[in-house]
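Below: the structure, in structure tokens.
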Amino acid sequence: MINLRIDGLDVQAEDGWTILETCQFYGIDIPTLCYDHGLSPYGACRLCLVEIGEGKNAKLVSSCTYPALEGLKVKSHSNRIIKARKIVIELMIARCPNSKTLQDLASKYNVQKIRFKIKHEDCLLCGLCVRMCKEQMMSGAIDFIGRGKDRRITTAFDEKSDLCRTCGGCMYICPICELRCQGPDPPGAVCGSCLEMSPTCLDFSSEAQCFMVESGCGTCVRNPIKKNVNEMEE
Amino acid sequence: MKDIDKFKQKLSRIRKSKAEESNRPCIIVSSGTCGEARGSKEVFLALKNVIKKYKLGKKVDIRLTGCHGFCQVEPIIIIHPENIFYQSVQPEDAEEIISETIINKNIIDHLLFKDPNNGKKIKLEKDIPFYKKQNKLLLKNNASIDPFKIEDYIGIGGYSAILKVLSKMKPEKVIDTIKESGIRGRGGAGFPTGIKWSIAGKTEGKKKYIVCNADEGDPGAYMDRSILEGNPHSVLEGMMIGANAIGAREGFIYIRYEYPLAVTTIDAAIKQAKKYRLLGKNILGTGFDFDIKIVRGAGAFVCGEETALMASIEGKKGEPRQRPPFPAERGIWNKPTNINNVETWANVPLIINNGAKWYSKIGTKGSKGTKIFSLVGKINNTGLVEVPMGISLKEMIYDIGGGIPENKNFKAIQTGGPSGGCIPKELLDLPIDYDELASVGSIMGSGGMVVMDEDTCMVDVAKYFLSFLEEESCGKCLTCREGIERMLEIVERITEKEGKKEDIETLKELGEVVKDASMCQLGQTAPNPVLSTLKYFENEYLAHIREKKCPAKVCRALISFKILKDVCNGCGACRIACPEKAISGEKKKLHSIDRKKCIKCGICFETCKFDAIDKRAGSD
Ligand SMILES: Cc1cc2nc3c(=O)[nH]c(=O)nc-3n(C[C@H](O)[C@H](O)[C@H](O)COP(=O)(O)O)c2cc1C
Ligand code: FES
């Protein structure tokens with residue numbers, strides 16, 4: 001058993017757990033995108049950021065890949081995290097504006113404006129399909145090629161792969177395939193229409209259960225940030 | 001007699017015969033990749049022929065060595081024992097060098113180095129200002145060694161450190177010595193080497209690896225190359241000591257594909273070391289097994305990052321992964337692995353030979369020893385510079401570098417490679433030291449230094465480094481891949497007259513997040529060029545955005561050309577040169593530029609002999 005502290009709470013993790021797994025066990029909501037329970041963690045989307053360490057040494061890490069270590073101090077919703085998460089979502093939507101998953105994330109995290117040129121890509125390069133194909137379907141028909149801005153996912157030599165059994169696992173797991181509801185907004189805008197309709201934490205726990213009601217975690221629409229968690233701990 | 005004692009005797013025999021040789025005159029031709037590119041091989045052959053012609057073969061030695069650092073004036077030759085320094089030597093000069101300098105002991109004036117600041121000719125290597133403030137612990141040996149001859153390395157005391165370790169130092173003692181010396185990794189992050197070794201040493205495991213990181217992907221940096229090309233055995237010896245200390249039996253040298261000469265020298269060095277039984281099974285009868293393999297990298301910048309490098313050695317895609325687990329716990333094929341940079345390894349034998357105390361006296365409190373920098377850009381003397389840590393940027397630029405050419409004003413120095421920061425004039429007294437550089441928003445990195453003068457546009461500089469990083473990010477982390485691309489998008493827009501008021505805020509906010517949220521140091525340092533130029537040169541950004549002006553007159557969309565009424569004599573040269581036919585005018589009459597057609601290529605400006613064309617900041 002590993003003892004660590006998350007949001008000021010003493011918790012225990014099994015050997016080999018990541019911070020994300022520990023948080024999920026304790027019901028602490030951390031958004032993820034490139035993570036899936038049945039696949040190896042990859043750490044590409046940077047949505048699941050948490051803050052570890054204290055003072056000058058505090059840093060952000062992706063909780064889906066960072067192991068739960070003895071004595072670690074973790075914050076799941078500091079101002080620093082929320083700021084970074086919002087930018088991450090903004091960057092995602094600027095790349096793939098028509099995904100329902102991303103639009104929902106935007107409304108949940110109150111991202112209201114995209115400051116970058118909209119790209120209309122249909123792939124976010126989260127790599128879920130690559131891992132699905134390799135790890136669950138035991139096929140490995142697709143993989144990443146290229147680096148930097150030329151990175152993309154494809155079959156070997158861009159040709160129809162002999163390994164592919166057209167099982168559709170890649171499509172099943174793709175977070176970008178499902179289109180957002182086509183409201184009256186111009187394409188590329190953040191629709192934001194769900195903003196008032198789905199109060200955030202209540203997906204996971206009722207208000208009475210939320211131990212952050214007092215301080216405000218920064219994501220709750222009913223209780224916008226009053227104090228941040230940093231101050232609360234002191 | 002034990003093998004190790006036999007080896008000791010062999011070393012002293014070689015050293016004795018080398019000492020005798022050293023009394024003879026010797027012509028040293030520096031021929032790293034830099035020298036070769038300027039024809040050092042041809043000079044070497046020409047000199048050899050002339051030596052043959054005069055039948056001096058037995059009296060004069062000639063040696064082809066690695067780079068000496070002053071790459072700007074290659075091909076360099078140095079004549080021992082006086083250490084006469086000849087620069088920019090051509091094959092035609094060979095005859096004169098032998099007949100005048102070697103036979104008649106006369107100096108050849110036109111081959112001497114001329115100090116650009118006072119025009120004085122300098123005869124001896126040690127009097128050249130470029131070398132004066134340097135402390136060449138590593139680079140000095142490049143001149144004394146033919147990299148293809150292990151005997152040369154032994155001649156200058158090589159392989160005595162490994163002998164010392166194998167005969168009388170326990171691994172813990174070696175690690176303690178490295179710890180006490182205070183040396184920090186030269187690969188960029190500056191992690192204390194002794195601590196790294198002790199973690200790798202303590203990790204349980206039958207199989208462990210050590211790696212020499214010779215990927216050197218920073219554009220313009222080539223200190224690692226010069227060590228591998230000039231003194232490969234020092235790296236091997238360092239690795240042997242490291243392997244012995246942490247208990248590794250196998251080592252890799254991961255060397256970038258673009259370094260063919262370095263691969264040849266290191267390959268030859270490994271073969272020779274094997275012949276001397278310094279590598280292989282049961283080394284010198286001590287029971288220590290160690291072997292080194294060369295792995296050639298595919299030339300991706302990110303493969304220099306240690307976890308990506310290990311993946312690449314395993315034959316996987318070179319992508320960084322999450323640390324922990326650190327390589328010392330789980331490295332290549334999940335075995336404990338210790339990675340150090342070429343320059344770090346080359347320092348190890350020095351520390352063992354001279355002791356931790358000696359080493360820790362050089363440098364500052366937090367940064368010990370010497371560091372090699374590649375000094376390039378708008379500066380009089382360019383090349384490789386080895387200085388003790390703690391020397392100030394001012395000394396680097398004005399004493400060693402000889403100041404800025406054409407009496408232009410210094411503007412900034414960029415340290416640390418593509419993801420380093422730009423340091424302005426006000427901070428020139430800053431000592432060069434890991435922590436001091438970090439405190440002003442830059443990094444030591446692997447030791448790149450680019451000097452910029454008043455004609456450099458800082459927004460353009462940020463654009464240049466971002467476009468390098470955009471290509472070289474592995475693309476895995478969204479924040480790094482998309483973040484760099486978006487920063488570049490904004491900076492490009494600013495240089496193209498499309499800058500918006502809120503751009504500076506967006507850049508700062510995005511830069512901070514990319515730094516915070518990316519996994520490896522590539523992403524974590526990628527915003528440095530933007531953030532540091534914003535910090536020290538925000539006014540330049542503002543001039544681009546608000547006044548639509550590029551004060552350094554670099555960004556094409558933000559400058560304009562005008563023909564000066566009183567100066568133009570209507571010669572028509574610009575009219576003929578203009579590729580867009582944007583200039584019109586009758587012969588001997590004032591010409592004019594059609595703004596609509598002008599693409600601001602600047603050819604007219606270069607062409608005009610009468611300085612009648614004015615380049616202006618601002619596009620009106
Ligand atoms: C993007 C990136 C590129 C790097 N390139 C190099 C390199 O070319 N050579 C090198 O020695 N270290 C490089 N490093 C640093 C290595 O990850 C590692 O820290 C270093 O090899 C450790 O050796 P040291 O402790 O001797 O410095 C790079 C790091 C990053 C993040
Ligand atoms: S969910 Fe952890 S980085 Fe994507």
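All of these numbers come straight from a predicted model, not from anything done at the bench.
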Inter-residue atom distance [X].[atom1] - [Y].[atom2], 0.5 Å rounding:
{"X": "A:F116", "Y": "B:M487", "atom1": "CZ", "atom2": "CE", "answer": "9.5 Å"}
{"X": "A:L60", "Y": "B:K515", "atom1": "CG", "atom2": "NZ", "answer": "12.5 Å"}
{"X": "B:E470", "Y": "A:D150", "atom1": "CD", "atom2": "CG", "answer": "8.0 Å"}
{"X": "A:S62", "Y": "B:Q322", "atom1": "OG", "atom2": "CD", "answer": "4.5 Å"}
{"X": "B:M519", "Y": "A:Y42", "atom1": "CE", "atom2": "OH", "answer": "9.0 Å"}

When you measure from the side chain of A:R46 to the backbone N and O of B:T479, does any donor-acceptor pair fall under 3.5 Å? no
Tell me whether B:R486 contacts the main-chain N or O of A:K117 through its side chain, where contact means a donor paired with an acceptor under 3.5 Å.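 Yes, B:R486 side chain to A:K117 backbone: donor-acceptor pair under 3.5 Å.
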Can you confirm whether [X] is buried at [atom1], in the sense that more than 12 heavy atoms of other residues, nucleotides or ligands lie under 6.0 Å from that atom?
{"X": "B:R256", "atom1": "CZ", "answer": "yes"}
{"X": "B:K317", "atom1": "NZ", "answer": "yes"}
{"X": "B:E204", "atom1": "CD", "answer": "no"}
{"X": "A:D162", "atom1": "CG", "answer": "no"}

Taking side chain to side chain contact (heavy atoms under 4.5 Å, CB included) as the criterion, tell me which of B:V513, B:L478, B:V514 meets it with A:L91.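 Option passing the side chain to side chain contact (heavy atoms under 4.5 Å, CB included) with A:L91: B:L478.
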Select, from [options], the one with the greatest count of heavy-atom pairs under 4.5 Å involving chain A.
{"options": "B:R321, B:E319, B:E502", "answer": "B:E319"}
{"options": "B:V302, B:T506, B:L469, B:I484", "answer": "B:T506"}
{"options": "B:G483, B:S473, B:G318", "answer": "B:S473"}

For chain B, which candidate among A:L49, A:L125, A:D143 shows the most heavy-atom pairs at distances under 4.5 Å?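 Among A:L49, A:L125, A:D143, the one with the most close pairs to chain B is A:L125.
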Between A:G43 and B:C477, what is the shortest heavy-atom contact and its length? O-SG, 4.1 Å
Non-hydrogen atoms of chain B under 4.5 Å away: do they reach the side chain of [X], the backbone, both or neither?
{"X": "A:K83", "result": "both"}
{"X": "A:I145", "result": "backbone"}
{"X": "A:L124", "result": "both"}

Do B:K476 and A:F144 come within less than 4.5 Å of each other through their side chains, counting heavy atoms only?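 With C-beta onward as the side chain, the pair stays apart.
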Any ion pair linking A:R115 and B:E509 (charged N to carboxylate O, less than 4.0 Å)? yes
Do the side chains of A:R95 and B:E485 get close enough for a salt bridge, i.e. N-O under 4.0 angstrom?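 Salt bridge: no.
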So among A:K119, A:R151, A:K149, which one has a salt bridge (charged side-chain N to carboxylate O under 4.0 Å, His left out) with B:E482?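 So the option named by the test is A:K119.
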